[in-house]
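Encoded as structure tokens, the structure appears first; notes follow it.
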Number of protein chains: 2
Amino acid sequence: MSQHRHPGAPGRAGAVPALPDLPEATVARLPEYLRALHNLAETGHETVPSEGLASAAGVNSAKLRKDLSHLGSYGTRGVGYDVALLIDQIEYVLGLTQRRAVALVGVGNLGHALAGYDGFASRGFRIAALLDADPARVGEEINGLVVRHIDELPRIAVEESIAIGVIATPAQAAQRVADQLVAVGVTSILNFAPCVLSVPEGVDVRKVDLAIELQILSFHEHRKASLTALPATGGSALTALPGGFGATDTQEAIGT
Amino acid sequence: MSQHRHPGAPGRAGAVPALPDLPEATVARLPEYLRALHNLAETGHETVPSEGLASAAGVNSAKLRKDLSHLGSYGTRGVGYDVALLIDQIEYVLGLTQRRAVALVGVGNLGHALAGYDGFASRGFRIAALLDADPARVGEEINGLVVRHIDELPRIAVEESIAIGVIATPAQAAQRVADQLVAVGVTSILNFAPCVLSVPEGVDVRKVDLAIELQILSFHEHRKASLTALPATGGSALTALPGGFGATDTQEAIGT
DNA sequence: AGGCGCTTGTGAAGACGTGCACAAATCGCG
DNA sequence: CGCGATTTGTGCACGTCTTCACAAGCGCCT
Ligand SMILES: NC(=O)c1ccc[n+]([C@@H]2O[C@H](COP(=O)([O-])OP(=O)(O)OC[C@H]3O[C@@H](n4cnc5c(N)ncnc54)[C@H](O)[C@@H]3O)[C@@H](O)[C@H]2O)c1
Ligand SMILES: NC(=O)c1ccc[n+]([C@@H]2O[C@H](COP(=O)([O-])OP(=O)(O)OC[C@H]3O[C@@H](n4cnc5c(N)ncnc54)[C@H](O)[C@@H]3O)[C@@H](O)[C@H]2O)c1
């Protein structure tokens with residue numbers, strides 16, 4: 001499969017040519033470390049011990065150190081990690097030294113919110129195109145970008161060097177959109193539609209599904225409720241009522 | 001090894017008081033199975049083999065069978081799983097037999113999209129309250145619900161039996177909102193703000209962070225690109241990086 | 001009834017991820 | 001200049017998750 005992807009890619013300088021083979025679990029945590037590090041940098045910290053960074057990122061400090069050790073990062077014993085240096089390291093590993101262009105397909109309810117989100121820009125990405133199939137939406141301007149028709153994708157993909165596609169269409173259209181993205185050389189897709197996408201090998205898909213998150217929470221609610229219910233008498237868990245745990249509620253103000 | 005629960009009579013009144021202790025990884029996949037099963041039911045399937053359900057859910061069939069075996073589900077050898085029965089089973093385990101009430105806090109850009117999302121209702125939840133701190137937003141009606149002030153949370157939480165809180169405020173306000181939710185007895189939180197929340201034990205928090213997803217994709221893009229590129233190419237890209245990073249001592253970590 | 005093909009449920013093995021605990025490295029200070 | 005306080009990096013043991021492979025169970029067809 002041809003993946004002619006050659007974004008103005010400046011080859012890395014002679015140093016650090018090969019990317020370490022990071023465990024997937026580590027990769028998933030690096031962005032969290034990065035966010036925490038940016039916070040620390042803004043509050044004037046020049047170095048941070050693993051313990052501090054770990055708690056800012058919500059993980060265990062041993063895990064953090066192991067993660068960082070995987071990317072060959074150098075902390076200083078007795079001191080900690082250099083915040084600015086570590087930011088550079090992680091951004092490099094994550095490939096954020098180039099600002100990747102994102103195409104957002106499906107500018108409906110959710111798409112509008114995403115298009116207006118500044119977290120894209122501030123964290124290494126650039127929304128390069130808004131695309132929709134509905135002629136009524138084409139031409140609308142959002143946040144300085146004009147919505148264009150999905151059929152223009154091939155041209156836009158080349159012009160803008162689209163690296164990542166975001167799908168925010170109804171589930172029924174998602175597979176077709178994915179196919180179109182793949183056809184123009186996109187090898188990374190973030191899918192908000194509640195469906196499984198099938199893509200050729202070499203294409204990465206990540207999925208965000210709000211309802212799944214809620215259902216996982218629901219499971220734990222259910223389990224928590226069934227634990228507080230009478231274990232021996234076999235009271236029906238189906239009728240778990242809010243009053244069940246109401247006794248543990250509290251004062252309205254919490255120490256700020 | 002034969003400690004199985006009662007064969008699932010459809011009306012599971014009084015039976016099955018205790019929830020099996022499911023592996024977390026399994027719990028995270030059940031919602032996906034459930035969605036696939038609903039699709040199958042709508043297309044007229046009465047039974048489905050593990051292979052079919054697995055591919056509809058995007059997983060390996062052995063994994064699917066093991067997952068289902070954990071919840072004591074009964075398939076029929078030589079046939080497969082009864083779609084309707086399995087839907088009931090999974091919905092029961094996930095605690096979806098009661099429609100949980102969700103409070104959405106922060107009705108801004110993203111909050112509007114969520115409030116208008118029908119995937120809540122169709123998958124077991126009910127948006128019971130929209131809350132915001134901005135007086136200008138209070139009173140606005142979205143999808144039949146009126147935005148109310150966050151200070152009304154304590155009263156509303158009781159009235160509506162809020163089970164789950166969704167935070168869609170700026171990161172800076174998220175911890176405070178979480179505290180308020182916890183104070184009124186909410187023990188499950190879905191957080192869209194890019195920050196770590198600290199909550200008392202017994203409260204579950206799940207986080208959705210769009211930028212993190214993109215950064216993970218970016219990493220894989222980067223890795224894919226570095227594999228196809230020549231390792232020796234010159235050209236400076238590390239413009240913003242301090243010299244110490246690439247040039248000096250990082251070398252030894254390279255596995256040639 | 002009996003055999004045959006299909007599919008589930010699961011034991012076992014291996015891959016992967018986590019967390020402890022401690023030696024090695026570094027800094028600041030007397 | 002050496003010492004103690006501090007913090008990193010990692011070996012190791014343990015737990016969780018995935019995957020393979022196959023016996024056991026089921027229905028259908030002859
Ligand atoms: N709204 C939310 O908060 C939310 C939350 C989670 C998930 N989702 C999911 O995100 C997706 C979008 O949700 P929404 O509420 O924005 O829906 P929507 O109907 O408001 O918007 C969908 C948009 O996609 C466009 N579209 C349809 N087919 C297309 C195609 N082939 N090519 C390009 N564009 C096409 C439509 O014209 C429309 O503008 C859905 O799959 C939904 O389940 C939404
Ligand atoms: N917009 C997106 O697509 C998107 C995507 C991913 C993540 N996020 C995150 O979701 C959050 C919301 O994003 P947004 O774009 O909707 O921001 P927004 O500024 O448009 O909306 C935030 C809303 O929260 C309200 N708010 C502020 N403090 C509050 C408080 N203490 N109690 C109750 N309400 C309060 C504000 O009045 C406002 O209405 C942010 O943390 C953002 O980083 C947004």
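A, B, ... follow the sequence lines: proteins, then strands. Residue 1 opens every chain.
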- Sequence neighbours left out, what passes salt bridge (charged side-chain N to carboxylate O under 4.0 Å, His left out) with B:R123? Give chain and number order. A:D209
- The single option from B:I164, B:V166, B:L181 passing side-chain contact (heavy atoms from CB on, under 4.5 Å) against B:S188: B:I164
- Given the rule in the side-chain contact (heavy atoms from CB on, under 4.5 Å) test, do B:F219 and A:L30 qualify, once you have shown the distances and angles that lead to the verdict? CA-CA 10 Å; B:F219 168 81; A:L30 289 180; 5.6 Å; no
- Note on the structure: Closest non-hydrogen contact found for A:F125 with B:A211 is CE1-O, 4.3 Å
- Task: Could you pull out all residues at least two apart from A:R223 that satisfy salt bridge (charged side-chain N to carboxylate O under 4.0 Å, His left out)?
- Result: none
- Item | Closest contact, heavy atoms only, A:A28 versus B:I216 | CA-CD1, 3.8 Å
- Nearest-Å distance for atom pair NZ/C1', residues B:K63 and C:dT8: 18 Å
- Message: Nearest whole Å is fine: how far is D:dT8 P from A:L86 CG?
- Response: 11 Å
- Task: Output yes when at least one side-chain N/O atom of A:Y81 is less than 4.0 Å from OP1 or OP2 of C:dT26, else no.
- Result: no
- Message: Whole angstroms only, please: what is the CG-P distance between B:L64 and D:dC17?
- Response: 16 Å
- Find the distance B:Y74:OH to C:dT10:P and express it as a whole number of Å. 9 Å
Pairs under 3.5 angstrom only: tabulate donor-acceptor contacts from the side chains of residues 195-207 of chain A to other protein residues two or more places apart or in another chain.
{"unit_1": "A:D204", "atom_1": "OD2", "unit_2": "B:K224", "atom_2": "NZ", "d": "3.1"}
{"unit_1": "A:R206", "atom_1": "NE", "unit_2": "B:E213", "atom_2": "OE1", "d": "2.5"}
{"unit_1": "A:R206", "atom_1": "NH2", "unit_2": "B:E213", "atom_2": "OE1", "d": "3.1"}
{"unit_1": "A:K207", "atom_1": "NZ", "unit_2": "B:E32", "atom_2": "OE1", "d": "2.8"}
{"unit_1": "A:K207", "atom_1": "NZ", "unit_2": "B:E32", "atom_2": "OE2", "d": "2.9"}

- Message: Tell me if the side-chain of A:K66 makes a donor-acceptor pair with the base of C:dG19, cut-off 3.5 Å, by modelled atom types.
- Response: yes
- Item | Interface residues of residues 47-60 of chain B with DNA chain C (non-hydrogen, below 4.0 angstrom) | B:P49, B:S50
- Item | Min side-chain heavy-atom separation B:T76-B:D82 under 4.5 Å | no
- Item | Per-nucleotide protein contact string for nucleotides 22-30 of chain D, where B marks a base within reach and S marks sugar-phosphate only (heavy atoms under 4.0 Å, - for neither) | --BBBS---
- Query: Of A:K66, A:K63, A:R65, which is the lone residue that meets side-chain hydrogen bond (donor to acceptor under 3.5 Å, both in side chains) with A:S50?
  - Reply: A:R65
- Tell me: CG of A:D82 to P of D:dT7, nearest whole Å? 16 Å
- Query: Quick one: A:H70 NE2 to D:dT8 P, roughly how many Å, whole number?
  - Reply: 17 Å
- Determine whether more than 12 heavy atoms belonging to other residues, nucleotides or ligands lie under 6.0 Å from atom CD of B:E46. no
- Task: Tell me which residues in residues 21-32 of chain A put a heavy atom below 4.0 Å from DNA chain D, sorted by number, or none.
- Result: none
- Taking C-beta and beyond as the side chain, do A:L71 and A:Y92 meet within less than 4.5 Å on heavy atoms? no
